Novice: 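First the structure, which I've put down as structure tokens, then a few questions once you've had a look.
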Amino acid sequence: RAAVSTSKASCKSLCHRHQLFINFRDLGWHKWIIAPKGFMANYCHGECPFSLTISLNSSNYAFMQALMHSVDPEVPQAVCIPTKLSPISMLYQDNDDNVILRHYEDMIVDECGC
Amino acid sequence: AFGQTLQFHEHVFLRFLGLDKVPSPKKFQPVPSILKRIFQAQEEAASTGISKDLCYVKELGVRGNILRLLPDQGSFLYSESLSHASCLQKLLSFNLSAIGDEEQLTMAQLGLDLGPNTYYNLGPELELSLSLVQTEPHVIDQATPKMGKMFTLQSVPWPQGVLHFNLLDVAKRNNDPHKNLGLFLEIVVKGGRALGENFQLEATCARLRRSLHTSLLVVTLHPEQCRSPSRKR
């Protein structure tokens, strides 16, 4: 039982996607962004232990870095980063009263990996 | 110190968005239906997980990732010296300075909304002409218009409803140092008949001046943000 609960706790701390809603009102940007009001940007956080680098959507590099970390603790652990991002469109107004629609790549985190 | 760092980071990100500083619009402009439609289509595609080429505007059939609707900053010309057959004369002025030097212009469409179709009863008596003005609009003396060189771009008999003019070549060739695009719009009574001779026509012209709405839809492509997939990081 103890082993199972430890395993659950460590699963939570493993690299995965977390929800993050960016509300433009919080940034004061609602005064010039017409739409959207905000968007689910998400973020990646968690550990990338060597034992799980293969199952955590890891790059070959992350595997090698994790391997090196196990040999030499001076080498930092592999990091949890976005591996798939998607765009959003923003409708806003500039200082010249122009209404602008612009597409921005890599604004939403869809998947994370090591 | 934290506030300053935050401001610095915000500034850097705003530059990425193509803005020099946080915009502070005096009033919200109405969002044109075409931009609303494109935005909604993009949101729908995103919610269904369909990947879309963000550098192609399907609704307009052009390449580009930045769409701007520039408001007309020009003014009507009223003068005793104007032709008595003139129904409407307006100088159109569009500030293109927001377009970055690195952006490639792929579309410049002038939209003239003449309001509800009111000319059906009048017959083909009006003609619209659009000319390019090669001088700075603020130089124009409204009492005695001196507009420098004018080049007629297009003439439309019996104008009504919403008209669109392709000004891509004109906007591309525009070498005004202040990046201002100046146009001269005139609607005249065909055959040179004086307005005063036709009360109905005069009333229509007055209505036309009130309802006229002009804007320039500009589409540009930012090469760095529209790289081919093989060159993406």
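Reminder, nothing fancy here: chain letters follow the sequence lines and each chain counts from 1. Everything quoted here is computed from the prediction, not taken from an experiment. Only this structure's heavy atoms are used, side chains among them; waters, hydrogens and symmetry mates stay out.
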Novice: Do other residues, nucleotides or ligands put more than 12 heavy atoms under 6.0 Å from A:H16 NE2?
Specialist: yes
Novice: With only heavy atoms counted, which part of B:I34 is less than 4.5 Å from chain A, the side chain, the backbone, both or neither?
Specialist: neither
Novice: To the nearest 0.5 Å, what is the distance between OH on A:Y104 and CD1 on B:I66?
Specialist: 7.0 Å
Novice: Is it true that, when you exclude A:K31 itself, more than 12 heavy atoms of the residues, nucleotides or ligands shown sit nearer than 6.0 Å to its NZ?
Specialist: no
Novice: If I measure from the heavy atoms of chain B, does A:F39 come under 4.5 Å with its side chain, its backbone, both, or neither?
Specialist: neither
Novice: Answer with side chain, backbone, both or neither: which region of A:S86 has an atom nearer than 4.5 Å to a non-hydrogen atom of chain B?
Specialist: neither
Novice: Counting only heavy atoms not in A:D72 (residues, nucleotides, ligands), do more than 12 fall under 6.0 Å from its CG?
Specialist: yes
Novice: Would you name the heavy atoms of B:P25 and A:Q93 that are closest together and state the gap between them?
Specialist: CB-NE2, 3.5 Å
Novice: At a 4.5 Å cut-off on heavy atoms, which part of B:L19 comes close to chain A: side chain, backbone, both, or neither?
Specialist: side chain
Novice: Measure the CD-SG distance between A:E105 and B:C55 for me, rounded to the nearest 0.5 Å.
Specialist: 6.5 Å
Novice: Name the option with the most non-hydrogen atom pairs under 4.5 Å to chain A; the candidates are B:K36, B:Q42, B:K21, B:Q73.
Specialist: B:Q42
Novice: Do you know the tightest heavy-atom contact between A:N95 and B:S24?
Specialist: OD1-N, 2.9 Å
Novice: So what's closer than 4.5 Å to chain A heavy atoms on B:T220: side chain, backbone, both or neither?
Specialist: neither
Novice: Between A:N98 and B:A98, what is the shortest heavy-atom contact and its length?
Specialist: ND2-CB, 3.7 Å
Novice: For B:F13 and A:M107, work out which heavy atoms get closest and say how close.
Specialist: CZ-CE, 4.0 Å
Novice: Please determine, among A:D97, A:D96, A:L91, A:I108, the option with the most heavy-atom pairs under 4.5 Å with chain B.
Specialist: A:D97
Novice: Which pair of non-hydrogen atoms, one from B:L54 and one from A:H103, has the smallest distance, and what is that distance?
Specialist: O-CD2, 3.3 Å
Novice: Please report the closest heavy-atom contact between B:L35 and A:L101, naming both atoms and the distance.
Specialist: O-CD2, 3.7 Å
Novice: Can you find a pair of side-chain heavy atoms, one from A:P36 and one from B:E43, that are under 4.5 Å apart?
Specialist: yes
Novice: Counting only non-hydrogen atoms closer than 4.5 Å, does B:P32 touch chain A with its backbone (N, CA, C, O), its side chain (CB onward), both, or neither?
Specialist: side chain
